[in-house]
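In what follows, a single structure is set out as structure tokens and then discussed.
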2 protein chains.
Amino acid sequence: MASTSDDAVLDRADVLCRARGVKLTAQRRRVLAILCASPRPLGAYEILDAMREGTRTLAPPTVYRALDFLLEQGLVHKLESLHAFVGCSHPEHPHSSQFLICKTCGAVAEIEDEAIARSLGSAASMSGFQPQRRVVEVIGTCAGCAQKGR
Amino acid sequence: MASTSDDAVLDRADVLCRARGVKLTAQRRRVLAILCASPRPLGAYEILDAMREGTRTLAPPTVYRALDFLLEQGLVHKLESLHAFVGCSHPEHPHSSQFLICKTCGAVAEIEDEAIARSLGSAASMSGFQPQRRVVEVIGTCAGCAQKGR
DNA sequence: AAACAGTCGGATACAGTATAACGTCTCGCG
DNA sequence: CGCGAGACGTTATACTGTATCCGACTGTTT
Ligand SMILES: [Zn+2]
Ligand SMILES: [Zn+2]
Ligand SMILES: [Zn+2]
Ligand SMILES: [Zn+2]
């Protein structure tokens, strides 16, 4: 993330949670803020370190609980191939997106491609399979790094 | 896996490795055999336990080294969302497949869907992204379990 | 035969990721 | 006020994966 206005994202998250009758508590908001401020995905322990800035004493479960909540609410995504988390770029509507992960610079692009979703869905239904969660992560080199690297 | 003839898979793997000038050693063959005999993906430590059957004393690096080799040779795949491994169902030709993972019975189907591959490729090239590895895992309910569950 | 290089794998220790279990505090409600 | 639910602190522990060092074996060179 690290968008032009992270505060806006946080405020939108606030509104979303209120509308859903769930609480974006201080800890949860803090985790979301840290993720949104990072240009690359963060591991749970990196988030933990970031939250400890300023002599706070926190343990892993605190972070994992906040992450569980944010994942449930679709405010963050987990990148399985990296064991890391990113803020969602468009949490307003429920979605299942795909990720392009640059192994050179670490940047991650979240895309929402209709064609991928369709082909995934039809492959599943051909097998009589009922999808619940989709993990689609492409690891490679982003446009910027490909330029430099040549 | 747990196909009709696991030995056949092993023998084919042998031939493949010989053709490539690499060695399918006893340990590697053993890991592959264990994976092929299992109806569901196995974690590294489950493989380790299986290999210890009969008072053998083995440490994690042994299994991870064998898995690294088998992954490089395309004889097994890693399921990132499960931290587990499966034998490949068609290792003869290099491929990048997709997985349907039933969270009820634990069974995994490896599919190779041209449409998914195409849509993934075109989404990447639209972003100028150069894919190297593709992780596509759909978690849900398989046809069999959906039947029973209703 | 002796020396050597390369690969495989045994063994110990450790790093990184995630959760179980239990206690406390607070808030909203009857 | 007394109660129940949810959030969070705290400790300990489980699970997943690596770094490192060393010894055994194989095939090659001299
Ligand atoms: Zn998203
Ligand atoms: Zn890049
Ligand atoms: Zn395969
Ligand atoms: Zn099933």
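Throughout, protein chains are lettered first and strands after them, A, B, ... in sequence-line order, and every chain is numbered starting at 1. Predicted, not measured: the structure shown is a model, and the values here were computed from it.
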Distance test, side-chain N/O of A/T62 to OP1/OP2 of D/dG9, below 4.0 Å = yes

query = In chain order, what residues pass the side-chain contact (heavy atoms from CB on, under 4.5 Å) check against B/T141, with sequence neighbours excluded?
reply = A/Q130, A/Q132, B/T104, B/C145, B/A146

note = Sorted by number, residues from residues 17-32 of chain B placing a heavy atom under 4.0 Å from DNA chain D are none

ask   = Between D/dA14 atom P and B/D49 atom CG, what is the distance in whole Å?
value = 14 Å

inquiry  = I need the CG-P distance between B/L82 and D/dC15, as an integer number of Å.
reply    = 16 Å

Residues 78-87 of chain B, side-chain donor-acceptor partners within the protein, below 3.5 Å, at least two apart:
unit_1 : atom_1 : unit_2 : atom_2 : d
B/E80  : OE2    : B/R133 : NH1    : 3.4
B/E80  : OE2    : B/R133 : NH2    : 2.6
B/S81  : OG     : B/E137 : OE1    : 2.6

task = Give the first and the last nucleotide of DNA chain C, reading 5' to 3', that has any atom under 4.0 Å from a heavy atom of chain B.
result = C/dC8 to C/dT12

key: Cluster companions of B/L120 among Ile, Leu, Val, Met, Phe, Trp, Tyr (side-chain spacing under 4.5 Å)   = A/L100, A/I111, A/I116, A/L120, A/F129, A/V136, A/V138, B/L100, B/I111, B/I116, B/F129, B/V136, B/V138

key: B/D14: side-chain contact (heavy atoms from CB on, under 4.5 Å) partners, not counting sequence neighbours   = B/R18, B/L24, B/R29

query = Between atom OH in B/Y45 and atom P in D/dG17, what is the gap in whole Å?
reply = 8 Å

ask   = Nearest nucleotide by nearest heavy atom, which residue falls closer to the 5' end of DNA chain C, A/A44 or B/P60?
value = B/P60

message = Output the rounded distance in Å from CG (B/L79) to P (D/dG17).
response = 11 Å

query = In whole angstrom, what separates B/L58's CG from D/dG17's C1'?
reply = 16 Å

query = A/V76, A/V15: one ILVMFWY side-chain cluster at the under-4.5 Å cut-off?
reply = no

query = Looking at DNA chain C, which of residues 63-71 of chain A put a heavy atom within less than 4.0 Å of it?
reply = A/Y64, A/R65

query = With A/Y64, which residues qualify under ring-ring contact (aromatic ring centres under 6.0 Å, His included), at least two apart?
reply = none

message = If you compare every side-chain N and O of B/H83 against the phosphate oxygens of D/dG17 (OP1, OP2), does one of them come in below 4.0 Å?
response = yes

ask   = What pairs with B/V22 under side-chain contact (heavy atoms from CB on, under 4.5 Å), at least two apart in sequence or on another chain?
value = B/C17, B/R20, B/F69, B/Q73

query = Who are the side-chain contact (heavy atoms from CB on, under 4.5 Å) partners of B/A115, not counting sequence neighbours?
reply = A/S119, B/D113, B/R118

message = If I take atom CD in residue A/E80 and atom P in nucleotide D/dT16, what distance separates them, rounded to the nearest angstrom?
response = 13 Å

inquiry  = Please list all pairs meeting salt bridge (charged side-chain N to carboxylate O under 4.0 Å, His left out) that have one or both residues in residues 64-75 of chain B, counting only residues at least two apart or in different chains.
reply    = none

remark   = By ring-ring contact (aromatic ring centres under 6.0 Å, His included), A/F99 pairs with (sequence neighbours left out) A/H77

key: Euclidean distance, B/I47 CD1 relative to B/T62 OG1, rounded to 0.5 Å   = 12.5 Å

